[in-house]
Each structure stands twice: as structure tokens, then as C-alpha cells.
Amino acid sequence: KGADYFEQKYRILLFGYQYDQAARRKNRIKAGRGSVCDLAEKPYSAADLDWHDPNSRTSIEQHQHASRVAIKDDLPAINDYDTVLIGFPIWWGIPPRLIADLIDRLPLNGKQLAGFATSGSSGFERAQSYLERTVKENNADVQVLPGAVLNNDAQMDAWLKQLNLN
């Protein structure tokens, strides 16, 4: 591997309610030269995640387009990183609203940004559009890289390789 591989630095921010598959990928990514932090200020309970319940926290957050979701105040510094990877589940075809709040607060100018889904059965196209639109609304000078749904370690390895991070 060339010198650029070893100089590439990336930070991973994971919306981390702890589904087993998200936790596995979190540990796998952490082993792959990135660093990981959780984002949600208030953890999600099983009842919060019940998307069949129109009164659940996730249903309300996703369907009230003006809603804002509290994220941690102590976000990690990203100044020393070239690339920021944001992991999240896909809810109703898009990232949780918390991700827009995160992008609003991160100093992303001059960086690369990519999203990856830790769960979701709807594909990544709408999530990708959501990330690109959110970055554009912030007038950030950011290169948005292609994201992906990562259902297993092989998909993760292939995606990181595609982004030249593996």
C-alpha cells in the first residue's frame, strides 16, 4: 500500500443505539484505523424504536420535518481528519433527523463526508440525497462520497476499499 494510505485519516461518528449488527460494525470499523463515538444525547429505548407505533420517538422525529433531535454537546474534534464517516440506520428511507443536526454542527469545510447505514432494507439512494441536500443547505465546501448499506463485513471492506480507506 502506498504512502497516501497511511496518511489518510478518518473519523467515524456512529448514531449508536445498540443493535447487535451496529455494534459489530462499530467494533470492526474501530479496528480499521478510524475512531468511533456515539452521537445521541438521550439513548433510544425499545419503545422509542417501535416504528409501528405512530407515537414512538422515532415515528415523531421522522414525520415532523421541523423536529430537531438532541445530540451530544461534546462532539469529537474533526480538525485532524480528512474524511468523516457517519453511520446510522435508515428510517423511512432517510437517515434519522439527528444526522442533519450533526451535519449542521460539524466544521466540514475542506473535508470528505460519507454516510453508511447500519440497518435498512430500502437501499441508500434517498439517504445519499438527504446527506447531499443537508450539506448544500449548510453551504459547506465538502466532497460527499458515495455511501452504502453495510449488512456484513465483506460489504464494509468493499466500501472502505472503494473510498480508498481500507
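Predicted model, so just to flag it, every value in this text is computed and none were measured.
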- Task: Dump the intermediate steps for side-chain contact (heavy atoms from CB on, under 4.5 Å) on I90 and Y130, then the final yes or no.
- Result: CA-CA 11 Å; I90 294 179; Y130 182 89; over 6 Å; no
- Could you check E61 against R57 for salt bridge (Lys or Arg N to Asp or Glu O under 4.0 Å), going step by step and ending with a plain yes or no? CA-CA 6 Å; E61 288 175 358; R57 181 174 165 195; 3.1 Å; yes
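The two residues L145 and A114 come nearest to each other via the heavy atoms CB-CB, 3.8 Å. Among all heavy-atom pairs drawn from I71 and R105, the shortest one is CG1-NH1, 2.9 Å. Heavy atoms only, all atoms of each residue included: N109 and V142 are closest at N-CG2, 4.4 Å. Between I94 and R126, the closest heavy-atom pair is CG2-NH2, 3.8 Å. Residues P96 and P89 come closest through the heavy atom pair CD-O, 3.1 Å. Of all heavy-atom pairs spanning A117 and F124, the tightest one is N-CE1, 3.7 Å.
Ring orientation note: the planes of Y44 and W91 are nearly perpendicular, at an angle over 60° on the 30°/60° scale.
Using a 4.5 Å heavy-atom threshold, the side chains of T58 and D53 count as separate. Two residues are said to be in side-chain contact when any heavy atoms from C-beta on lie closer than 4.5 Å; T83 and L165 meet this criterion. Looking at L131 and F88, their side chains come closer than 4.5 Å, going by heavy atoms from C-beta outward. Using a 4.5 Å heavy-atom cutoff, the side chains of L108 and N138 are not in contact. Side-chain contact between L163 and P146: present, with at least one pair of heavy atoms (C-beta onward) separated by less than 4.5 Å. Using a 4.5 Å heavy-atom cutoff, the side chains of V149 and Q155 are not in contact. Here the side chains of W159 and L150 are in contact, with some heavy-atom distance below 4.5 Å.
Side-chain contact of Q112 with Y81: a donor-acceptor pair under 3.5 Å is absent, judged by distance alone.
Linking ILVMFWY residues whenever their side-chain heavy atoms come closer than 4.5 Å, directly or via other members, places L98 and W92 in the same cluster. Placement of I60 and I99 in two distinct hydrophobic clusters is found when ILVMFWY residues are connected by side-chain heavy-atom separations under 4.5 Å, directly or transitively.
Rounding to the nearest 0.5 Å places CD of Q62 at 10.0 Å from OG of S56. A distance of 12.0 Å separates NZ of K72 from CG of L102, quoted to the nearest 0.5 Å. Annotation: the span from L85 atom CG to L13 atom CG amounts to 8.5 Å, rounded to 0.5 Å.
Not one N or O on the side chain of K111 forms a donor-acceptor pair closer than 3.5 Å with the backbone of D141.
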